[in-house]
Amino acid sequence: MSTYKANLAIYNSLTGQKEKFTPLHDGFVGLYVCGPTVYSNVHLGNCRTFISFDVIYRYLTYLGYKVRYVRNITDVGHLVDDADQGEDKIAKKARLEKLEPMEIVQSYTVDFHKVLNQFNNIPPNIEPTATGHIIEQIEMVKAILDKGFAYESNGSVYFDVEKYNESHPYGELSGRKIEDLLSNTRDLDGQNEKRAPLDFALWKNASDEHLMKWPSPWGIGFPGWHLECSAMSTKYLGKQFDIHGGGMDLKFPHHECEIAQGTSANGESPVRYWMHGNMLTLNGKKMSKSTGNSILPEELFSGDNDFMEKAFDPMVVRFFMMQAHYRSTLDFTSEALLAAEKGYNKLMEALATLEKLEAKESSSVDVSSLVNSFYEAMSDDFNAPILVANLFEAVKFINSVKDNKATISKNDLALLQKEMNGFVTSVLGISAQQESSNDKLSPVMDLVLDLRQEARINKDWGTSDKIRDGLAAAGIVVKDGKDGSSWK
RNA sequence: GGUCUCUUGGCCGAGUGGCUAGGCAGUGGUCUGCAAAACCACCCACGGCGGUUCGAAUCCGCCAGAGACCUCCA
């Protein structure tokens with residue numbers, strides 16, 4: 001399917017247009033995605049971004065690219081709100097909970113991995129941490145200082161935005177003009193150390209009570225808020241690489257600063273294709289930890305939350321997300337999840353049916369163009385919802401074949417089985433729900449259904465229904481089909 | 001306040017100038033002892049007002065509503 005590899009189009013946030021994707025090195029893709037700050041549990045909105053990029057990573061791989069996927073863990077470096085004087089966010093939490101900073105980081109990193117694993121995300125190839133790359137960050141600060149785009153002030157180092165803007169367009173990614181930004185600045189910590197309000201910290205001096213700090217040429221301190229991604233992406237993917245992704249809310253200032261840092265340190269714009277996933281909304285508003293408008297994956301899987309009627313399987317949630325484009329906001333409601341659950345079940349049923357289909361002489365439907373439609377959807381800026389729609393076209397066809405209303409040839413059947421499974425399982429990353437199957441239960445159920453079948457043959461509906469109702473009470477659903485009964 | 005985005009049928013969501021996705025719900029049907037499930041068919045919407053065009057959900061303008069960013073945030 002090399003034509004689809006050749007025709008892959010990606011919406012580039014930098015240019016605001018869909019562009020034909022051409023990797024820097026033929027056959028290889030460098031992909032960097034901004035990871036989480038591990039000072040709390042990841043909420044569902046965070047997960048959406050990582051799931052979106054998981055699908056992007058999966059499709060690139062499916063097309064045959066060798067992808068190096070790097071996603072960082074931010075375990076230091078972000079400022080907290082105005083309540084504390086520029087104290088490190090993770091250090092603050094540590095004091096509150098009387099724990100070591102790295103203890104916090106460890107526990108939330110483990111949680112993060114667990115949750116993404118439940119969503120069936122593939123781990124990145126490299127998952128670097130900010131604290132593990134202090135040296136690289138210091139080196140980068142030095143490089144920016146050497147190039148004259150930063151200055152030292154009171155043990156801190158700041159990026160000189162106005163200086164940079166003289167030769168490079170600061171604000172090109174977010175569509176901002178430096179004049180507009182200047183007229184809208186707030187009073188923040190460290191303002192007096194800066195020459196200009198727009199300047200941002202590359203290295204920040206640390207006070208005595210600060211817990212996470214390292215020695216540097218400028219004194220004891222910690223790295224600036226945007227530096228880690230620049231340092232680590234450069235280290236593992238090069239001065240310039242193919243795709244950088246992250247949530248929409250990171251566009252400004254975070255990614256804007258990355259462009260400025262990378263460009264001034266390395267002499268070239270770091271990223272060729274910028275990709276931004278959109279937000280997940282709950283009750284029509286952005287899901288956000290700080291406003292309380294958020295839901296944890298665990299709460300969704302267990303049903304223990306105030307927003308949803310029932311519990312939802314991670315795979316159902318993932319499928320639900322696949323029905324919306326990654327660049328659109330997606331509203332999370334109980335009703336929508338319920339709908340997705342049924343659609344998911346229908347798709348999985350069809351996948352099972354596909355394995356049992358019998359081939360005939362010829363196909364009554366153009367299977368290869370059906371399969372091509374899968375590739376076309378995903379090659380058009382990873383349009384998963386179109387893919388899902390096309391997959392349901394295939395579902396309709398599969399069921400028709402099952403009902404002998406359509407036919408499929410041997411070759412087409414093999415093709416459809418390969419690609420249908422490929423797109424559902426490998427690309428979308430959707431698998432069957434983890435059945436709580438019990439080796440001992442299975443023969444017992446066979447026996448029970450056998451007894452019930454006997455009762456049915458004898459038209460003993462009382463017994464038959466008693467068994468069915470009893471099993472239902474135990475959470476087991478019995479379905480009577482043509483070829484006997486099944487349960488789950 | 002500044003910058004930007006969005007507004008699609010009962011619900012969720014694709015779609016950028018004519019051929020008008022898909023899922024769920026609903027209606028009808030097949031199947032079935034009944035039920036559930038499953039399957040099939042049907043259901044043709046684009047915030048309001050103007051404009052451009054032979055033709056607009058799709059382009060332009062105005063109005064209304066919603067949201068995002070501007071501050072840590074996926």
### Query
Between A:Lys18 (NZ) and B:A14 (C1'), how many Å, whole number?
11 Å
### Message
Could you identify the nucleotide paired to B:C49, looking across every strand shown and requiring Watson-Crick or G-U wobble geometry with both distances under 3.5 Å?
### Response
B:G61
### Summary
Contacts of A:Thr109 meeting side chain to side chain donor-acceptor pair (under 3.5 Å) (sequence neighbours excluded), chain-then-number -> none
### Task
State which of B:A14, B:A74, B:C34 makes the closest approach to the side chain of A:Ala324.
B:A14
### Query
How close or far is atom P of B:G23 from atom CG of A:Leu330, stated in whole angstroms?
18 Å
### Query
Just wondering, do A:Phe50 and B:A74 stack (centres under 5.5 Å, planes under 30°)?
no
### Summary
Answer for the Watson-Crick or wobble partner of B:A37, both distances under 3.5 Å, is none
### Query
Looking only at side chains, do A:Asn278 and A:Ser328 share a donor and an acceptor under 3.5 Å apart?
no
#### Entry: Pair assignment for B:C31, Watson-Crick or G-U wobble, requiring both distances under 3.5 Å
none
### Message
Of the listed nucleotides (B:C72, B:A21, B:C12), which one gets closest to any side-chain atom of A:Tyr39?
### Response
B:C72
### Query
For the side chain of A:Arg468, counting heavy atoms from C-beta on, which of B:C34, B:G15, B:A74 is nearest?
B:C34
### Task
Return the nearest nucleotide to the side chain of A:Pro385; candidates are B:C12, B:C34, B:A21.
B:A21
### Message
If you only use heavy atoms from C-beta on, which nucleotide in B:C34, B:A21, B:A74 is closest to the side chain of A:Ala389?
### Response
B:A21
### Query
Is the closest side-chain donor-acceptor distance between A:Asn41 and A:Glu298 under 3.5 Å?
no
### Query
Side-chain donor-acceptor pair under 3.5 Å between A:Glu127 and A:Asn72, yes or no?
no
### Message
Could you identify the nucleotide paired to B:C44, looking across every strand shown and requiring Watson-Crick or G-U wobble geometry with both distances under 3.5 Å?
### Response
none
### Message
So, using salt bridge (Lys or Arg N to Asp or Glu O under 4.0 Å) as the criterion, who are the partners of A:Asp460 when residues are at least two apart?
### Response
none
Pull out every protein N or O sitting under 3.5 Å from an N or O of nucleotides 9-11 of chain B, one pair per line with the distance.
{"unit_1": "B:C11", "atom_1": "O2'", "unit_2": "A:Glu335", "atom_2": "OE1", "d": "3.4"}

### Query
Expressed in angstrom and rounded to an integer, what is the separation of A:Phe222 atom CZ from B:C72 atom P?
13 Å
### Task
Take atom C1' in B:G13 and the same atom in B:C6, then report the distance between them in whole Å.
14 Å
### Message
Quick check on B:A37: is either OP1 or OP2 less than 4.0 Å from any side-chain nitrogen or oxygen of A:Lys342?
### Response
no
### Task
Mind listing the residues from residues 244-251 of chain A sitting with a heavy atom below 4.0 Å of RNA chain B? Number order is fine.
A:Gly246, A:Gly247, A:Asp249, A:Leu250
### Query
Under 3.5 Å, is there a donor-acceptor pair linking the side chains of A:Asn125 and A:Tyr236?
no
### Query
What is the nucleic acid contact for A:Phe53, judged by heavy atoms within less than 4.0 Å: base, sugar-phosphate only, or nothing?
nothing
### Query
Taking CD from A:Glu172 and C1' from B:C4, how many angstroms apart are they, rounded to a whole number?
17 Å
### Message
If the condition is salt bridge (Lys or Arg N to Asp or Glu O under 4.0 Å), which residues does A:Asp54 pass it with, not counting sequence neighbours?
### Response
A:Arg58, A:Arg318
### Message
Over all strands shown, is A:His43 touching base, sugar-phosphate only, or nothing at heavy-atom distances under 4.0 angstrom?
### Response
base
### Task
Please confirm whether any donor atom in the side chain of A:Lys286 sits under 3.5 Å from an acceptor in the base of B:C73, or the reverse.
yes
### Query
If we take the P atom in both B:G55 and B:G50, what is their distance in whole Å?
16 Å
### Which nucleotide in B:C73, B:C70, B:C24 has an atom nearest any side-chain atom of A:Lys346
B:C24
### Query
Using a heavy-atom distance cut-off of less than 4.0 Å, which residues of residues 390-400 of chain A contact RNA chain B?
A:Phe392, A:Glu393, A:Lys396, A:Asn399
### Task
Could you check whether A:Lys402 gets within reach of a base, just the sugar-phosphate, or nothing at all, counting any heavy atom under 4.0 Å?
sugar-phosphate
### Task
Quick one: do A:Asn7 and A:Ser379 satisfy side-chain hydrogen bond (donor to acceptor under 3.5 Å, both in side chains)? Show the steps, please.
CA-CA 7 Å; A:Asn7 291 328; A:Ser379 286; over 6 Å; no
### Message
I'd like to check the side chain to side chain contact (heavy atoms under 4.5 Å, CB included) partners of A:Lys18; sequence neighbours left out, ordered by chain and number.
### Response
A:Tyr11, A:Arg327, A:Asp380, A:Asp381
## Note on the structure
From CE of A:Met287 across to P of B:C72 the rounded distance in Å is 22 Å
### Task
Provide, to the nearest angstrom, the distance between the OH atom belonging to A:Tyr11 and the P atom belonging to B:U5.
8 Å
### A:Thr15 and A:Glu19 side chains, donor-acceptor separation under 3.5 Å
yes
### Task
Tell me, please, which residues at least two apart from A:Pro101 pass side chain to side chain contact (heavy atoms under 4.5 Å, CB included).
A:Ile90, A:Ala94, A:Leu211, A:Met212
### Message
At less than 4.0 Å, is any side-chain N or O atom of A:Asn383 found next to OP1 or OP2 of B:G15? Yes or no.
### Response
yes
### Pairs where residues 309-342 of chain A contributes a residue and the test ring-ring contact (aromatic ring centres under 6.0 Å, His included) is met, not counting sequence neighbours
A:Phe320-A:Phe332
### Query
So which nucleotide does B:A25 pair with, by the Watson-Crick or G-U wobble rule with both distances under 3.5 Å?
none
### Message
Please classify the nucleic acid contact of A:Leu337 as base, sugar-phosphate, or nothing, using heavy-atom distances under 4.0 Å.
### Response
nothing
### Message
Is it the case that the base of B:C6 and the side chain of A:Arg327 share a donor-acceptor contact (distance under 3.5 Å, atom types as modelled)?
### Response
no
### Query
What is the distance from NZ of A:Lys459 to P of B:U32, rounded to the nearest Å?
12 Å
### Task
Quote, to the nearest angstrom, the P distance that separates B:C43 from B:G28.
15 Å
### Task
Write down the partner of B:A66 under the Watson-Crick or G-U wobble criteria, each distance required to be under 3.5 Å.
B:U5
#### Entry: salt bridge (Lys or Arg N to Asp or Glu O under 4.0 Å) contacts in which one or both residues fall within residues 275-289 of chain A, not counting sequence neighbours
A:Asp249-A:Lys286
### Task
Can you check whether any acceptor in the base of B:G33 is under 3.5 Å from a donor in the side chain of A:Ser464, or vice versa?
yes
#### Entry: Polar pair under 3.5 Å, donor/acceptor by atom type, side chain A:Asp465, base B:G33
yes
### Query
For B:G18, which nucleotide is its Watson-Crick or G-U wobble mate, given both distances must be under 3.5 Å?
B:C54
### Contacts of type side chain to side chain contact (heavy atoms under 4.5 Å, CB included), residue A:Ser363, not counting sequence neighbours
A:Val367, A:Ile408, A:Ser409, A:Asp412
### Query
Heavy atoms under 4.0 Å, any strand shown: does A:Gly45 hit a base, just sugar-phosphate, or nothing?
base
### Query
Got a sec, which residues hit ring pair (Phe, Tyr, Trp, His ring centres under 6.0 Å) with A:His255, two or more places apart in sequence or on another chain?
A:His244, A:Trp274, A:His276
### Between B:U30 and B:C34 - P atom distance, rounded Å
12 Å
### Task
Starting at atom CG of A:Asn121, determine the distance to atom C1' of B:A74, rounded to an integer number of angstrom.
12 Å
